[in-house]
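Computed from a prediction, not measured in an experiment: that's the story for all the values here. Order of the sequence lines sets the chain letters (A, B, ...), proteins ahead of strands, with each chain counted from 1.
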Amino acid sequence: MKIASFNINGVKARLPRLLEWLEETQPDVACLQEIKSSDETFPAHEFEKVGYTPIWHGQKGFNGVAILSKGDEPATEVLRGLPGDDEDTHSRYLEADYKGVRVVCIYLPNGNPLPGPKFDYKLKWMERLRIRMAQLRAEEIPTVVIGDYNVIPEDKDVWSVKAMASDALMQPESRDAYFRLLGDGWTDALDLHHPRGGIWTFWDYQAGAWQRDHGFRIDHALLSPELADRLVASGVDKFARGREKASDHAPIWIELTD
DNA sequence: ATGACAACTCATAGTTGA
């Protein structure tokens, strides 16, 4: 089973690129972030035409997540919205079951600028995520929490530590919160298979970042022990970032034994 | 220190993102 994640940066603006990538790489499950679409305008039928059943949690203008699943046994929604704050109206969290695997699609807050309310929101969101992930661990369901974490875990995960030093993505508080998740027993799949670092999932549109390979790794797949035992490979579909009208993120994927 | 790109919106300027 192959599970992928793609911060699509606008599902409607990017639809041809997204359908093309689905047909080429054929993931069983594709988690999307930043669909930037309300529930009403989400192009569900376009995915059904190419063999995927979508569920989605939209929001007008920005944010928004979706889970596409292939075949005649589509994913069933378990939870929509991260628990722990009734005031939080952002669409950043969607959880579903697919063929015995719990798939959690997240779009973690960016947190810039800092200091300020956006950074505070990011850190609080990460605390809430840790609580939910601890519940999932306790249930011992084979689980993957996959998506745009907006955290550069280590210095090896960024093209220039100096250029990004003051960014919310690599503040000590952001990194500490990320490593607390790993400490709770979750496996960072891409780090496991690419331990020397130097693999990026995001390249800025600005300043020729793609052409200069100035990127960093902020999209992650964290696996519970039950699923880590089934992990055979993981990677980045870097080719997608080089295309016309590309998202600023490249897709990531994990391959599991059935 | 600043801006550079891009998508989106009660659009033609402002918000958000990373």
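- Atom name P, nucleotides B/dA13 and B/dT2: the rounded distance is 24 Å, in whole Å.
- Cluster membership check: A/L190 shares its hydrophobic cluster with A/V144, using side-chain heavy-atom separations under 4.5 Å among Ile, Leu, Val, Met, Phe, Trp and Tyr.
- With P as the reference atom, B/dG3 and B/dC8 are 24 Å apart, rounded to whole Å.
- Atom OH in A/Y121 sits about 12 Å away from atom P in B/dA18, given to the nearest Å.
- The interatomic distance linking A/F62 (CZ) with B/dA11 (C1') rounds to 16 Å, in whole Å.
- A/F62 has its ring centre no less than 6.0 Å from the ring centre of A/Y107.
- Taking the ring centroids of A/W159 and A/F216, they lie at or beyond the 6.0 Å cut-off.
- Computed from coordinates, the A/F202 CZ to B/dA6 C1' distance equals 10 Å when rounded to whole Å.
- Regarding contacts with the backbone of B/dA7, a side-chain N or O of A/K245 is found under 4.0 angstrom from either OP1 or OP2.
- A/N150 comes within contact range of the sugar-phosphate backbone alone, with a heavy-atom separation under 4.0 Å but no base atom that close.
- When atom types are taken as modelled, the side chain of A/K156 and the backbone of A/P195 share a donor-acceptor pair closer than 3.5 angstrom.
- The interatomic distance linking A/Q206 (CD) with B/dA18 (P) rounds to 12 Å, in whole Å.
- The residue A/D219 sits apart from the nucleic acid: no heavy atom pair falls under 4.0 Å.
- Of all nucleotides listed (B/dT9, B/dA7, B/dG17), B/dA7 comes nearest to the side chain of A/K36.
- Atom CD1 in A/I218 sits about 10 Å away from atom C1' in B/dG17, given to the nearest Å.
- Comparing A/H249 and A/A13 against DNA chain B, the residue whose closest nucleotide sits nearer the 5' end is A/A13.
- Base pairing analysis places B/dG3 opposite nothing; no Watson-Crick or G-U wobble pair with both distances below 3.5 Å involves it.
- Going from the P atom of B/dA11 to that of B/dC5 covers 27 Å, rounded to whole Å.
- Atom C1' of B/dA6 sits at a distance of 23 Å from the matching atom of B/dA1, rounded to the whole Å.
- Here the separation of B/dA18 from B/dA4, taken at their C1' atoms, is 13 Å to the nearest Å.
- The side chain to side chain contact (heavy atoms under 4.5 Å, CB included) test with A/D219 singles out one residue from A/D148, A/I146, A/V236, A/V151, and that residue is A/D148.
- Checked against B/dC10, B/dG17, B/dA7, the side chain of A/R14 finds its nearest nucleotide in B/dA7.
- Contact annotation for A/N9: backbone-only contact, meaning every heavy-atom pair under 4.0 Å involves sugar-phosphate atoms and none involves a base.
- Here the nucleotide nearest the side chain of A/F216, chosen from B/dC10, B/dA4, B/dA18, is B/dA18.
- No chain of hydrophobic side-chain contacts below 4.5 Å, direct or via other Ile, Leu, Val, Met, Phe, Trp or Tyr residues, connects A/W253 to A/Y98.
- We find that CG of A/D167 is positioned 17 Å from P of B/dG3, with the value rounded to whole Å.
- OP1 or OP2 of B/dA18 has at least one side-chain nitrogen or oxygen of A/Y107 nearer than 4.0 Å.
- Contact annotation: A/K118 does not reach the phosphate of B/dA18 (side-chain N/O to OP1 or OP2, under 4.0 Å).
- Between the CG atom of A/N63 and the P atom of B/dA6 there is a distance of 21 Å, given to the nearest Å.
- Nucleotide B/dG14 forms a pair with B/dC8, judged by Watson-Crick or G-U wobble geometry with both contacts under 3.5 Å.
- No engagement by A/R217 is indicated, since no non-hydrogen atom pair under 4.0 Å with the nucleic acid exists.
- Residue order along DNA chain B, read from the 5' end via each residue's closest nucleotide, puts A/Y205 first among A/Y205 and A/S37.
- In this structure, the separation between NZ on A/K245 and CG on A/N9 is 9.5 Å, given to the nearest 0.5 Å.
- The phosphate of B/dG17 has neither OP1 nor OP2 within less than 4.0 Å of any side-chain N or O from A/N7.
- Atoms CD1 (A/I35) and P (B/dG17) sit 15 Å apart, rounded to a whole Å.
- An OP1 or OP2 oxygen of B/dA7 is reached within less than 4.0 angstrom by no side-chain nitrogen or oxygen of A/R17.
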